[in-house]
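The structure under discussion appears below in the form of structure tokens.
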Amino acid sequence: MKKTVLLGALTVAGLAATAASAATLDDVRARGKLNCGVSTGLPGFSNPDANGNWQGFDVDFCRALAGAVFGDGSAVEFVPLTTQTRFTALSSGEIDVLARNTTWTYSRDTDLKLDFIGVNYYDGQGFMVPKSLGVSSAKDLDGATVCIQTGTTTELNLADFFRANNISYEPVPIETNAEAQQQYLAGACDVYTTDASGLAATRATFEAPADHVLLPEIISKEPLGPAVRHGDNEWADIARWTLNALISAEELGVTSANVAELAAAPTTNPEVNRLLGTEGELGAMMGLDAKWAVNAIAAGGNYGEIFERNIGENTPIGLARGLNAQWTEGGLIYSAPVR
Amino acid sequence: MTTLTEQPEKGFRLSQLIYDTRYRSLTIQVVATILLVSIIYWLIANTIANLAALGKEFDFGFLSSRAGYDINQTLIEYDNSMSHGRAALVGIANTLLVAFLGCIMATIIGVIVGVLRLSKNWVVARLMAVYVEGFRNVPLLLWIILIFALMTESTPQPRDFREGGSASMILWDSVAITNRGIFVPSPVFHSGATLFGIITLLGIVAAYVYRKKSLQKQLLTGEPPVSLWIVMVSLVAGLAAVFVLQGFLLPGEQSFNPAITLNSPELGGFNFTGGLQLRNSLIALWFALSLYTGAFIAEIVRAGILSVSKGQTEAAFALGLRPNRTMNLVILPQALRVIIPPLISQFLNLTKNSSLAIAVGYMDVRATLGGITINQTGRELEGMLLLGSFYLLISLLISSGMNFYNNSVKLKER
Amino acid sequence: MSETHAQSVLYVRDTMLPQQEPPITQKGAVKWVRENLFSSWLNAILTILSIYVVYTLVSHLYPWFANSVWTAGSLGECREVLAVEGASTGACFAVISDRWLQLMFGFYPSAFYWRPILTFVLLVPALAPILYSERVPTKMLWFSGLYPFLATWLLWGGSFWVPLLVIAGFVVGALLFIAGSRINLIVATVAAILGALFWWLFAAPSINASLHHMVGQSRAESILQEATALRAELAPELAALEARKKELEPVIAAANAEKAALVEAVTAEGSQDEEAKAAFLAKVDELQVLRRQDLALAAQIVNIQQEMSDARALLSSIPTLPTLEEQLPTLRATYKELEAALPSALRGLRTPNQAPDGTSAEDLNALNAALSAKSNLDSAELAIASIYGQIGIVGLEPVNSRDFGGFMLALVIGLAGISLSMGLGIMLALGRQSNLFIIHTISVAFIEIIRGVPLIVWLFTASLLLNYFLPPGTEFDLMLRVVIMVTFFSSAYIAEVVRGGLAALPKGQYEAADALGLDYWKSMRLIVLPQALKISIPGIVNTFIGLFKDTTLVMFIGLLDPIGLSNSIRATSDWNGIYWELFVFIGLLFFVFCFSMGRYSLYLEKKLQRDHR
């Protein structure tokens with residue numbers, strides 16, 4: 001038995017599980033649930049509702065992944081993580097996939113031993129200032145006091161930007177978005193900087209959103225994407241192609257409403273047929289069911305639906321698709337072909 | 001069957017290791033050592049295996065790589081091109097600063113509140129009780145967050161200081177209280193500053209020696225010493241005269257060139273510039289730590305004063321000592337013996353609690369080394385080890401100081 | 001006689017004057033005020049200052065509390081209500097009425113709320129014999145002893161035999177001790193400890209597994225049928241609920257639109273329309289009812305989805321059992337074969353990285369093959385064990401400790417920390433007093449290291465580093481890791497409290513015990529510890545209060561304690577931007593709890609002082 005001395009004691013209490021064996025898929029299957037790391041609370045991306053159910057853009061990716069693996073979008077355990085604990089949770093095997101709006105960077109991919117499986121949101125760091133300040137460009141911010149959230153790439157970008165433009169600033173590092181927002185609104189800082197999506201989401205909940213403007217400069221590239229442990233290529237493939245399937249589904253017009261109908265019988269579009277498993281044996285190549293993509297889409301809709309429901313223009317967050325539109329619409333969201 | 005007449009066997013038997021009290025303690029200690037060593041070995045072996053499995057190395061090299069992030073309050077020189085190690089030092093300096101300030105203020109608050117709680121004044125005693133219970137029974141983290149937010153909300157923004165704004169600077173336009181912190185004038189030292197510093201030091205030493213001499217004289221002759229007030233006033237007056245005189249004598253453009261001038265804060269583009277900024281995060285953390293720890297110290301002080309029996313006070317009065325001398329010469333020295341040990345452990349708590357600085361964005365060592373650095377480099381094992389050792393070192397220093405004090409004031413018993 | 005009297009004294013009054021009222025300054029309220037508030041200049045200044053402080057606080061806070069809004073669905077609606085009522089400031093406690101269950105229980109399934117409640121209710125009889133020892137029969141101590149197991153079982157659920165198996169370990173230890181004490185006490189102790197450890201580490205897990213296996217095997221068929229039936233049954237129910245939720249959506253949207261129109265009407269300049277105000281407030285109430293319905297429906301839907309998901313998991317996993325069990329011997333044989341073929345230097349390694357430098361490529365390949373065979377074997381075993389572990393449960397439905405949150409989490413961590421640390425704390429205190437050099441040194445080092453480092457660093461150690469220190473591949477519950485660390489932390493503090501108690505005992509007690517010829521453990525158990533622990537109880541209660549307050553730090557490692565939850569609540573678009581109300585509520589709850597505990601410890605202190613006179 002692969003049970004160490006300590007584990008023996010703990011399994012009596014049913015509190016321990018062995019994990020991090022080479023094949024994540026087997027572990028996930030044995031457990032019957034996907035463990036998905038999300039943020040402890042980020043408007044639009046992951047937050048619990050009054051019933052205690054997690055909701056949001058990142059959360060829906062996890063549900064889709066659970067759909068692909070189990071055919072059941074409810075088979076997910078959400079593990080709330082802070083910026084400090086997220087990478088360790090992944091490398092120790094506490095979670096199977098990290099969907100916690102994490103920026104894909106070189107050192108995280110190599111040194112921290114993560115594998116980013118793609119980008120589900122193209123973001124960039126922006127600035128928000130009160131309109132009354134009369135600032136129209138981030139380069140006018142010489143001497144400004146800037147509120148930032150710590151533990152992210154944000155503070156590095158900020159340091160680089162001000163250094164490159166040879167202007168000075170005073171950083172006010174804040175642990176949570178809520179505190180940063182309170183400080184900014186009380187005028188303790190002139191500028192609030194974080195990912196542009198976060199700024200828009202935050203501004204939308206102000207008492208007077210029109211009194212604040214987002215500056216035109218986006219000072220960094222923040223490709224946010226889910227990550228898995230380094231070294232398990234099979235599992236990385238499953239996560240990667242689940243994301244790709246959601247993106248392709250939007251491109252091909254497959255939605256949660258029509259997916260069951262389209263998957264019932266082969267359609268005239270071979271691309272749709274391959275995606276939905278009515279043609280070929282694509283699922284089996286990853287060790288999944290032929291209907292993996294159908295189940296992933298049925299769990300929460302295609303990429304566009306997930307976007308619109310959680311952070312789209314009709315939500316309080318109110319983000320436009322922008323860079324995150326399909327490539328056919330001038331955006332960057334582009335899936336490798338499913339064939 | 002054994003009889004009492006049987007002779008005890010000579011020599012050493014193995015069973016003596018268990019039965020004989022002389023050897024048993026040795027056995028137990030050897031077993032404990034073996035257990036401890038094997039546990040430590042087990043932990044280290046596991047760590048090595050885990051690090052190997054993750055492909056990481058145990059390496060402090062990250063300390064010399066470029067940090068890349070900025071810190072707002074830097075007591076030692078720092079910018080983002082310096083190393084992570086340097087950033088950790090900046091954090092250590094910040095931790096020590098807030099811990100030092102906090103210990104002083106907490107003691108002041110604690111002593112005042114502790115005494116006032118014993119006051120016969122009903123309103124004051126109740127108010128103090130409410131303060132003590134309120135702070136003792138709510139988590140410190142909440143107080144830190146609340147005090148920070150309260151300070152931000154209740155003080156004016158820098159832009160309110162502009163023409164026609166609602167706020168203005170105080171103390172002849174030299175101090176500005178804003179919700180980003182308190183801006184005070186900073187001293188600027190000129191060429192004569194060193195000389196003046198030396199003169200000041202000499203003056204203080206002279207005054208101290210003089211005072212001491214006159215106290216000794218009192219012991220010998222009973223002649224009342226020169227009052228402390230007079231010594232202090234003459235010291236200050238003398239130094240002021242030197243300062244003014246030096247201002248006229250020193251070469252310079254103007255006729256009066258003081259050795260030290262003040263640089264007052266002025267409202268710049270976004271914020272006050274010049275002067276010294278006491279950031280809100282520092283003040284909020286300082287206040288929160290002092291108020292929280294002060295509540296505990298107040299209880300210690302109260303218990304200390306109550307522990308001195310009433311007979312001592314009465315005896316002092318019977319000797320004809322005035323109330324304040326009774327306090328200074330009779331009650332306090334006895335109460336202090338009870339107060340100091342728990343007081344020091346409160347200082348220790350305060351220092352450790354300063355690690356909550358991150359809640360208000362104060363860049364202490366937990367936020368730099370234990371926060372951003374670990375997060376950017378992924379060296380949690382090494383970082384946490386350093387962080388833990390730092391706090392351990394501080395607390396060992398403080399507690400050895402406490403032991404030293406305890407031994408020195410211990411009632412000498414037979 | 002009367003004459004002389006008349007000559008020497010001019011006038012003698014022979015009736016008593018009626019008793020006069022004391023001067024106004026010397027009686028009643030005035031006297032009290034004079035003596036207590038204005039007895040001196042300093043006192044007068046202090047009094048006036050205090051009254052001013054109180055007045056400032058009240059005048060600032062009163063309107064905020066007085067105008068508070070308790071019914072609203074979001075912060076925006078709160079602001080609307082305040083605007084309609086014409087209040088410039090006001091608290092939005094609607095967030096509390098919306099989320100208070102979450103702040104109390106976290107994500108614990110609402111159907112099982114009775115379990116934590118019962119656990120905390122049972123805490124009272126469990127603590128009674130310890131805290132009110134003179135009024136409660138000593139036999140109740142048995143219940144106190146059993147309580148931790150009962151509480152664990154109630155909170156986490158699982159099969160009823162699990163706590164019994166753990167208790168059986170103590171019984172095994174006790175039996176061995178009794179048997180061994182005929183030979184020698186030390187042998188008995190060692191045998192008892194080893195026996196209990198063997199039981200917990202090897203016997204109990206396999207008994208547990210085989211019980212689950214047995215029950216699971218007998219049930220597998222019926223569970224399959226039940227699951228199929230359940231899914232068939234639930235599917236239409238789910239559809240019906242979803243349809244009802246769909247129906248509700250336009251109703252809510254319409255009500256929202258009406259409300260928006262009303263807001264405009266009321267807040268329009270100069271409008272003093274009382275009727276519209278009343279209509280608006282009624283609309284808000286109506287909306288609230290609708291939203292509650294919607295929320296309840298959503299909860300039902302999620303519950304059904306969860307049930308269906310569980311059924312689906314069973315349906316897909318149970319049929320794989322026969323195949324898995326069939327494969328097992330083959331997998332085992334393959335692994336044994338490959339392992340045996342390895343060179344001895346490579347045997348027992350857990351990753352290829354551990355292979356010594358200069359290992360040939362061939363050997364490395366063999367190692368990789370063996371390792372992958374092992375991982376196959378492990379996952380098959382794990383799969384079988386976990387399926388039986390699911391279907392063989394007889395008892396309460398298991399609840400994941402990730403679902404713990406809010407005050408319940410703070411209480412569970414605090415209580416577990418204190419109760420688990422008692423034993424270790426007492427041992428450390430005795431160790432620190434011991435005159436065995438090594439034992440003394442180890443105890444002092446442990447206590448000082450734990451106390452010298454802030455709890456937050458220990459918590460980060462629990463969340464980031466504990467996995468490094470345990471065998472590779474071990475992964476267990478974050479909450480358990482936190483409890484372990486908190487236990488170490490509080491045991492160092494308890495040790496110091498108990499040491500104080502030990503030091504407070506008069507030396508005569510130790511000497512008397514020695515004079516009676518008791519050995520160390522007997523003198524400790526029968527004479528010293530009962531007295532020392534009794535003196536220490538107030539200190540232990542204070543340690544608990546401190547620990548309970550410190551549980552708020554777990555938010556930094558992602559556990560959702562009340563403060564952590566308040567951040568999550570503010571991340572929802574409804575409540576983004578709310579600030580003070582949540583903190584006030586959380587602070588108040590902590591205050592009530594800690595204050596009453598503190599009062600209790602004061603009462604104990606007083607009572608104990610009387611005992612000693």
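- For chain C, the nearby parts of B/Leu150 are the backbone and the side chain; heavy atoms of each come within less than 4.5 Å.
- Proximity to chain B (any heavy atom under 4.5 Å) is restricted, for C/Leu465, to the side chain, taken from C-beta onward.
- When heavy atoms are compared at a cutoff of 4.5 Å, B/Leu146 approaches chain C by way of both its backbone and its side chain.
- Residue B/Phe296 touches chain C through its side chain alone, counting heavy-atom pairs closer than 4.5 Å.
- Contacts between residues 551-558 of chain C and chain B, counted as heavy-atom pairs separated by less than 4.5 Å, involve C/Thr552, C/Leu553, C/Met555, C/Phe556.
- Interface remark: C/Trp458 contributes no atoms to any contact with chain B (heavy atom separation under 4.5 Å).
- Only the side chain of B/Asn349 comes within less than 4.5 Å of a heavy atom of chain C; its backbone N, CA, C and O stay farther away.
- Using a 4.5 Å heavy-atom cut-off against chain B, the contacting residues of residues 49-60 of chain C are C/Ser50, C/Ile51, C/Val54.
- Contacts between C/Ile563 and chain B at a heavy-atom distance below 4.5 Å involve the side chain alone, from C-beta outward.
- Every side chain to side chain contact (heavy atoms under 4.5 Å, CB included) that C/Phe593 has, sequence neighbours left out, goes to C/Leu411, C/Phe544, C/Phe548, C/Met597.
- Proximity to chain C (any heavy atom under 4.5 Å) is restricted, for B/Leu36, to the side chain, taken from C-beta onward.
- Looking at B/Arg366, the atoms closer than 4.5 Å to chain C (heavy atoms on both sides) all sit in the side chain, from C-beta outward.
- Residue C/Ile586 touches chain B through both its backbone and its side chain, counting heavy-atom pairs closer than 4.5 Å.
- Proximity to chain B among residues 450-457 of chain C is limited to C/Arg451, C/Gly452, C/Val453, C/Pro454, C/Ile456, C/Val457, judged by heavy-atom separations below 4.5 angstrom.
- Between C/Tyr493 and C/Phe489, the angle of the ring planes lies from 30° to 60°, which puts this pair in the tilted group.
- Heavy-atom distances place both the backbone and the side chain of C/Ile439 under 4.5 Å from chain B.
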